[in-house]
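Structure first, commentary second.
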2 protein chains.
Amino acid sequence: MERNGQAKASRWDELATDWCPVARALSVIGDRWTILIVRDCFLGKSRFDEFQKSLGVTRHVLAARLKQLVEDGVLERNAYSQKPVRYAYKLTDKGRDFAPALVGLKDWGKKHMPIRKPAAV
Amino acid sequence: MERNGQAKASRWDELATDWCPVARALSVIGDRWTILIVRDCFLGKSRFDEFQKSLGVTRHVLAARLKQLVEDGVLERNAYSQKPVRYAYKLTDKGRDFAPALVGLKDWGKKHMPIRKPAAV
DNA sequence: AATCCTCCGTTCAGAAAAGGAACCTACACT
DNA sequence: AGTGTAGGTTCCTTTTCTGAACGGAGGATT
């Protein structure tokens, strides 16, 4: 998160320069919530509170992930209303290109992770 | 990690019962290292130290991820040598089925995350 | 006009996870 | 006896996440 000055390069940041394209991809979207945010974008969601309610992620983390996604060019943030200033996060071309990977995940989940009832209380 | 008794259901565990197959998939492989371990398996790696050297992940985390992957049926752990007892982690059918998703990630990384030189010192 | 509500965050303290390094067991080699 | 390899485990420190509260700006409600 500390992009100022010369923040310590975490093992994560190192992935961005890995020889393997999978690793480089993960350096951007290799986080649980990040992928789900992108999924929500494909499902038409675009606002902070929509993501928050849909995912149940803490607002803190959501804000950080959205910021990073914009920085990485996966999403763009524009004001869709000026009077009460409101922002919408939309997929860029780069973000939309993520569709095939998402489909891969979806198919795998569909096949190998059958729906289970939440543990009864 | 606390599978004993009734460990607190983290937001993560809840993903396993999500309506969305992508979320359910992520509940198993939605971790940076986990996906890279699976990638390494596709590249022919199978031993603890191979993963560790390849990924640079701490042994602590690697042990936890491998254990979870075996528990989730993505990998299986067999002794390939008895005299000095040595183990190999191999993809199961479930694990092999992850190939398309991995290819999706690879293609995206290849297209949108060009190789960059590590920051010069 | 005062209060409530929505949207988009930020801040803070405590809990959980990751990182780094050392340690351990078992066997083989020299 | 000492060194090396494989597969972990343990311990302590640092980082990140969670949960809940707070804030500000602009409607909408009463």
Side-chain angles (χ1 to χ4, degrees), chain A residues 1-15 26-27 30-37 40-41 45-71 75-90, chain B residues 1-15 26-27 30-37 40-41 45-71 75-90:
Chain A
M1 217 91 312
E2 301 304 330
R3 291 277 181 207
N4 46 349
Q6 213 57 352
K8 71 234 60 200
S10 79
R11 227 162 259 314
W12 255 133
D13 297 324
E14 291 171 24
L15 284 186
L26 290 175
S27 76
D31 171 88
R32 328 165 169 265
W33 299 121
T34 302
I35 298 183
L36 290 175
I37 291 169
D40 270 6
C41 288
K45 298 193 168 63
S46 68
R47 301 210 306 277
F48 191 95
D49 274 25
E50 284 183 300
F51 297 129
Q52 208 274 314
K53 288 192 183 74
S54 156
L55 304 178
V57 63
T58 61
R59 309 176 74 77
H60 185 67
V61 169
L62 177 58
R65 294 294 180 279
L66 285 172
K67 190 174 174 186
Q68 194 63 49
L69 280 167
V70 170
E71 228 174 76
L75 300 183
E76 50 187 8
R77 174 184 187 260
N78 324 88
Y80 68 88
S81 154
Q82 287 302 342
K83 292 313 301 141
V85 62
R86 295 275 184 275
Y87 298 101
Y89 294 88
K90 299 280 185 136
Chain B
M1 217 91 310
E2 300 302 333
R3 291 281 181 203
N4 46 349
Q6 213 57 350
K8 72 239 55 209
S10 80
R11 228 160 257 315
W12 254 135
D13 297 324
E14 292 170 24
L15 285 185
L26 290 175
S27 76
D31 170 88
R32 331 167 171 262
W33 299 122
T34 302
I35 298 183
L36 290 176
I37 292 169
D40 270 7
C41 288
K45 297 195 169 61
S46 68
R47 301 210 306 279
F48 191 95
D49 275 24
E50 284 184 300
F51 297 129
Q52 209 273 314
K53 288 191 183 73
S54 157
L55 304 179
V57 62
T58 61
R59 308 176 73 75
H60 186 68
V61 169
L62 177 57
R65 294 294 179 278
L66 285 172
K67 190 174 173 187
Q68 194 63 48
L69 280 168
V70 170
E71 229 174 75
L75 300 183
E76 51 187 8
R77 174 183 186 260
N78 325 86
Y80 68 89
S81 154
Q82 287 303 340
K83 293 312 300 137
V85 62
R86 296 275 183 273
Y87 299 101
Y89 293 89
K90 298 283 185 133

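Scope of the values below: all heavy atoms of this structure, side chains included, with no hydrogens, waters or symmetry mates.
- With D:dT10, C:dT10, C:dA18 as the choices, the nucleotide that has an atom nearest any side-chain atom of B:R65 turns out to be C:dA18.
- The distance from atom CZ of B:F51 to atom C1' of D:dG8 is 14 Å, rounded to the nearest whole Å.
- Closest to the B:R77 side chain, of the nucleotides C:dG20, D:dT18, D:dG7, is D:dG7.
- Straight-line distance from the CD atom of B:Q52 to the P atom of C:dG20: 11 Å, rounded to whole Å.
- Closest approach to the A:K53 side chain among C:dC7, D:dG19, D:dG7 is made by C:dC7 (side chain taken as heavy atoms from C-beta onward).
- Between B:L66 atom CG and D:dG8 atom C1' there is a gap of 11 Å when expressed in whole angstrom units.
- Two residues are said to be in side-chain contact when any heavy atoms from C-beta on lie closer than 4.5 Å; B:V70 and B:L66 fail this criterion.
- When the side-chain nitrogen and oxygen atoms of A:Y89 are compared with OP1 and OP2 of C:dG9, one or more of them lie within a distance under 4.0 Å.
- Relative to the side chain of B:H60, the nucleotides D:dT10, D:dG7, C:dG19 differ in distance, and D:dT10 lies closest.
- At a threshold of 4.5 Å between non-hydrogen side-chain atoms, the residues B:Q52 and B:V61 do not count as touching.
- Atom CG in B:L69 sits roughly 16 Å away from atom P in D:dG7 (whole-Å rounding).
- Annotation: side chain of B:L55 is in contact with side chain of B:W33 (closest heavy-atom distance under 4.5 Å).
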### Summary
B/S/- along nucleotides 22-30 of chain D (protein heavy atoms under 4.0 Å) is ----SS---

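- Here the nucleotide nearest the side chain of B:F48, chosen from D:dT18, C:dC7, D:dG8, is D:dG8.
- Nearest approach of A:R65 to A:D31, heavy atoms of both residues: NE-OD2, 2.9 Å.
- Checked against side chain to side chain donor-acceptor pair (under 3.5 Å), B:Y80 has the following partners two or more places apart in sequence or in another chain: B:R47.
- The CG atom of A:L75 sits 16 Å away from the C1' atom of C:dC8 (whole-angstrom rounding).
- The shortest heavy-atom contact between B:Y89 and B:C41 is O-SG, 4.5 Å.
- The interatomic distance linking B:W33 (CH2) with D:dT16 (P) rounds to 13 Å, in whole Å.
- Straight-line distance from the CG atom of B:L15 to the P atom of D:dT18: 11 Å, rounded to whole Å.
- Contact annotation: the side chain of A:L75 approaches that of A:I37 to within less than 4.5 Å [non-hydrogen atoms, C-beta and beyond].
- Per the geometry, CG belonging to B:D31 stands 18 Å off P belonging to C:dA16, to the nearest Å.
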